[in-house]
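Below: the structure, in structure tokens.
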Amino acid sequence: MGNDRTHPFRIDGLQYNNWSEKIFRQWREGGLDAVHVTIAYHENFREMVQVIERWNRWFETFPELIVLARGADDVRRAREEGRTAVVFGCQNPSPIEDDIGLVEVLHTLGVRFMQLTYNNQSLLASGCYEANDGGVTRMGREVIREMNRVGLVIDMSHSGERSTLEAIELSRRPIVVSHANPHAWAPALRNKSDTVIKALAASGGMLGFSLYPHHLKDKSACRLEAFCEMVARTAELAGVESLGIGSDLCQDQPDSVVQWMRMGRYTKRMDYGEGSAAQPGFPPQPDWFRDSRDMARIEAGLRAVGFSERDTAMVLGENWLRFFEAGFGPMQAETREAA
């Protein structure tokens, strides 16, 4: 499967694993053509650069398995070569600190996604855990313009409702929610309302369905059929063209990492986030999606609930590839003038 170029594109729109040769080989066994990997949660600019340095060493050490992708053509080339393309993304704007000029620097370094906030209020927008969602801030409006200009994709996965809707409206290019599910299906704070999902799709944006148990109906006990039926209902709501997979897989990570995700440096007290005192660590994955090799199970599950071969291929990766094609480069002059 690793070098099989006959199956449709398979792209995972978000992972944050404890990276290793084992995981890179599982990507190949699962036929993954590209993975959007998180390189920052609460890191500042210099700390994010250190993460990129580690990735550069992995690219050097495992050139037969992985390669950096800056655009859709790199993904196609990786597939032809039997490798998995790695797309960098930040789950927080912390790496740009308070300097809008760093937006272009991030893009130059290969970063292609950046969330405007991670759960909390940021300089740019309100997170989904804030009691009051003030929407996109003054700096946020300027950063959205700059992200549009250079081709750094706006991601609102961890943002509040108002902030997400405002970002969709303000952006002159389609945005993403790279890893979340419909709130109506599983009422987690992180999941998105039908209003958001419809607005996202109407603007040409993308929703990546999350396999993280706290985002699933019945959590770790969620059934594959239930997940795929949810995808089918969302396709009826928003159209299959706007849907992909963003598994939010956190494979092999110690529980200290989920504490970093939830707490960063903002608090001394324990923040359980989507967990609880009874389950403070990473929840176990559902048995039908343990790692990237199980993408084939999702493919079979979608076909079982009535997706055509073509629509299944779109959800499994071809929609993401089309989005990469349009979203990663500089804004075209005519679009810039209209904006």
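Everything quoted here is computed from the prediction, not taken from an experiment.
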- side chain to side chain donor-acceptor pair (under 3.5 Å) contacts in which one or both residues fall within residues 202-212, not counting sequence neighbours: S210-H215
- Item | Aromatic ring proximity F59/W19, centre distance under 6.0 Å | no
- Query: With a 6.0 Å cut-off on ring centres, are F9 and F324 close enough?
  - Reply: no
- Query: Is there a donor-acceptor pair under 3.5 Å between the side chain of H214 and the backbone N or O of P283?
  - Reply: no
- Task: Report the distance from atom CE of M48 to atom OG1 of T38, rounding to the nearest 0.5 Å.
- Result: 13.0 Å
- Item | Heavy-atom donor-acceptor pair, R190 side chain to P187 backbone, under 3.5 Å | no
- Task: Would you mind telling me which of D33, D74, D73 makes a salt bridge (Lys or Arg N to Asp or Glu O under 4.0 Å) with R79?
- Result: D33
- Message: Check the orientation of F227 and F209. Use parallel for under 30°, tilted for 30 to 60°, and perpendicular for over 60°.
- Response: perpendicular
- Between E29 and K22, is there a salt bridge with N-O shorter than 4.0 Å? no
- Partner of V143 by side-chain contact (heavy atoms from CB on, under 4.5 Å), out of M139, E146, R141, R145: M139
- If the plane angle is over 60° it's perpendicular, under 30° parallel, otherwise tilted; pick one for H179 and H158. tilted
- Here the pair of heavy atoms bringing S126 nearest to Q121 is OG-OE1, 2.6 Å
For residues 11-18, run the donor-acceptor check on the side chains, cut-off 3.5 Å, and write out each pair with its distance to 0.1 Å, sequence neighbours left out.
unit_1 : atom_1 : unit_2 : atom_2 : d
D12    : OD1    : L14    : N      : 3.1
D12    : OD1    : S247   : N      : 2.9
D12    : OD1    : S247   : OG     : 3.3
D12    : OD2    : Q15    : NE2    : 2.8
D12    : OD2    : S247   : OG     : 2.6
Q15    : OE1    : N17    : ND2    : 2.7
Q15    : OE1    : W27    : NE1    : 3.1
Q15    : NE2    : S292   : OG     : 3.0
N17    : OD1    : Q251   : N      : 2.7
N18    : ND2    : D252   : O      : 3.2

- Is there a donor in the side chain of H183 and an acceptor in the side chain of E161, or the other way round, less than 3.5 Å apart? no
- E60/R57 ion pair, N-O < 4.0 Å: no
